[in-house]
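One structure below.
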Amino acid sequence: MNPAEREQLRLSLLRFLADNPTRFGFNAALLLQMARNEGRRALTRQEVEDEMTYLEDKQFAALVNKAISPENRVWRITGEGRDFIAQQTT
Amino acid sequence: MSTDKKPRADSTLKTLPSDRQAAIAEYARTHTLTETRAWLKEDGLTTSEAALSEFLSSWRLQQQLKRNGSTVETLLANLQQTRPDWTPEQIQQVGQSFFTALALEQQDPKQWFLIQQTAIKKDQLHLDRQKFQRETAELFVKWHADKEAQEILRSTGSNTEKIERLGQIMFGDDWK
């Protein structure tokens with residue numbers, strides 16, 4: 001993935017989280033399928049996990065607390081993430 | 001340096017009232033992107049095809065996730081009644097698993113591919129229809145003054161016979 005593709009993937013992942021109107025989060029498998037449905041056929045689960053870690057570090061996404069199997073990470077968007085998406089400009 | 005930035009076209013659509021967004025999504029369900037853009041323009045809303053496409057993807061995803069969420073909440077409500085000893089965290093955990101499995105099934109690549117192909121075919125049919133209409137008009141301009149064509153039109157044969165004869169002079173070996 002080149003830097004431009006990585007940037008678009010990050011935006012797509014954040015957009016998927018922002019479009020979630022429920023109280024449940026998305027795991028890597030679901031995010032991977034959504035991103036692949038946008039044409040990224042060679043995208044891997046590890047790449048999704050890496051970019052979600054990036055978005056966590058930026059505080060745009062947060063892990064959903066799980067008592068069982070916390071290693072199977074599930075994410076939701078944060079307020080900062082929503083504000084960022086809303087401010088996206090051309 | 002100016003700090004003015006142009007807002008994203010799809011963010012304009014996303015800031016519309018929800019019933020208006022629903023109306024746009026409903027219209028787009030049975031019309032091409034081009035037709036939908038023209039319909040929006042009549043209402044004073046200018047947007048690009050890419051922005052409209054992204055808005056519709058986002059809208060459909062949200063609706064699908066809402067339905068998934070609703071299904072899971074119903075299941076959880078039933079589960080709470082049958083398992084009153086379960087803690088809210090346990091219920092939430094089960095709900096999360098159900099929700100993810102259901103959403104993943106909905107994002108099935110074969111289903112997604114079929115949806116995309118249907119949208120592409122709808123747009124292609126629209127383009128083909130536009131092309132056919134233009135070619136028909138061009139043929140009329142070209143042939144209306146042709147003497148042989150005028151004789152055929154003035155002849156006493158049936159419409160079917162006239163069409164057959166006109167088709168033969170206009171298209172030669174390609175006719176039928």
Side-chain angles (χ1 to χ4, degrees), chain A residues 4 7-45 48-49 52 61-77 81-90, chain B residues 3-12 14-15 18 48 50-51 53-73 75-76 86-116:
Chain A
E7 181 180 351
Q8 286 308 310
L9 173 60
R10 288 168 180 171
L11 289 171
S12 287
L13 292 173
L14 209 50
R15 187 164 37 81
F16 298 148
L17 295 181
D19 284 341
N20 181 9
T22 75
R23 62 181 169 109
F24 305 107
F26 290 165
N27 67 1
L30 181 55
L31 289 166
L32 174 63
Q33 194 51 61
M34 287 174 168
R36 280 184 175 169
N37 285 345
E38 285 193 339
R40 302 176 180 91
R41 307 223 187 272
L43 187 65
T44 66
R45 185 175 172 137
V48 168
E49 300 243 14
M52 286 312 302
L63 286 171
V64 172
N65 287 335
K66 289 174 65 189
I68 298 174
S69 302
E71 70 278 9
N72 295 337
R73 297 189 289 168
V74 172
W75 294 272
R76 59 170 184 82
I77 196 167
R82 287 198 190 278
D83 289 344
F84 174 79
I85 285 285
Q87 286 162 14
Q88 276 295 285
T89 55
T90 54
Chain B
T3 56
D4 289 340
K5 290 179 185 174
K6 198 168 65 171
R8 280 167 62 102
D10 68 320
S11 72
T12 306
K14 285 177 182 172
T15 58
S18 56
S48 67
S53 180
E54 189 168 312
F55 163 76
L56 291 172
S57 283
S58 177
W59 172 265
R60 285 166 189 153
L61 177 62
Q62 282 185 49
Q63 298 310 302
Q64 183 184 294
L65 291 169
K66 264 188 204 167
R67 285 192 291 271
N68 292 349
S70 242
T71 301
V72 173
E73 296 290 0
L75 283 169
L76 293 185
W86 282 25
T87 64
E89 290 75 22
Q90 283 174 304
I91 297 281
Q92 168 72 13
Q93 187 99 23
V94 168
Q96 179 65 67
S97 297
F98 277 157
F99 174 80
T100 303
L102 191 54
L104 196 54
E105 191 184 316
Q106 297 283 339
Q107 290 292 312
D108 174 74
K110 282 183 195 161
Q111 264 201 37
W112 197 256
F113 178 74
L114 282 173
I115 290 167
Q116 295 292 87

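Hydrogens, waters and symmetry mates play no part in the numbers below; they use all other heavy atoms, side chains included. The chains referred to below are lettered A, B, ... by the order of the sequence lines, with proteins before strands, and numbering in each begins at 1.
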Minimal non-hydrogen separation, B/G69 against A/T22, with atom names: CA-CG2, 3.8 Å
Residue pair B/L104 / A/A29: nearest heavy atoms and the distance that separates them: CD1-O, 3.7 Å
Nearest-0.5 Å distance, CZ of residue A/F24 to CG of residue B/L102: 10.5 Å
Non-hydrogen side-chain atoms of B/L61 and A/M34 separated by less than 4.5 Å: yes
Nearest-0.5 Å distance that lies between atom CG in A/D19 and atom CZ in B/R60: 13.0 Å
Engaged part of B/Q63 at the chain A interface, taking heavy atoms whose separation is under 4.5 Å: neither
B/E89 CD to A/N65 CG distance, which is reported to the nearest 0.5 Å: 10.0 Å
A/V74 and B/F99, any side-chain heavy atoms less than 4.5 Å apart: no
Smallest separation among heavy atoms of B/L65 and A/N20, with atom names: CD1-CA, 3.9 Å
Heavy-atom proximity to chain A below 4.5 Å, by part of B/Q93: side chain
A/F84: partners by ring-ring contact (aromatic ring centres under 6.0 Å, His included), with sequence neighbours left out: A/F60
Contact summary for B/K66 and A/P21, nearest pair of heavy atoms: CG-CG, 3.4 Å
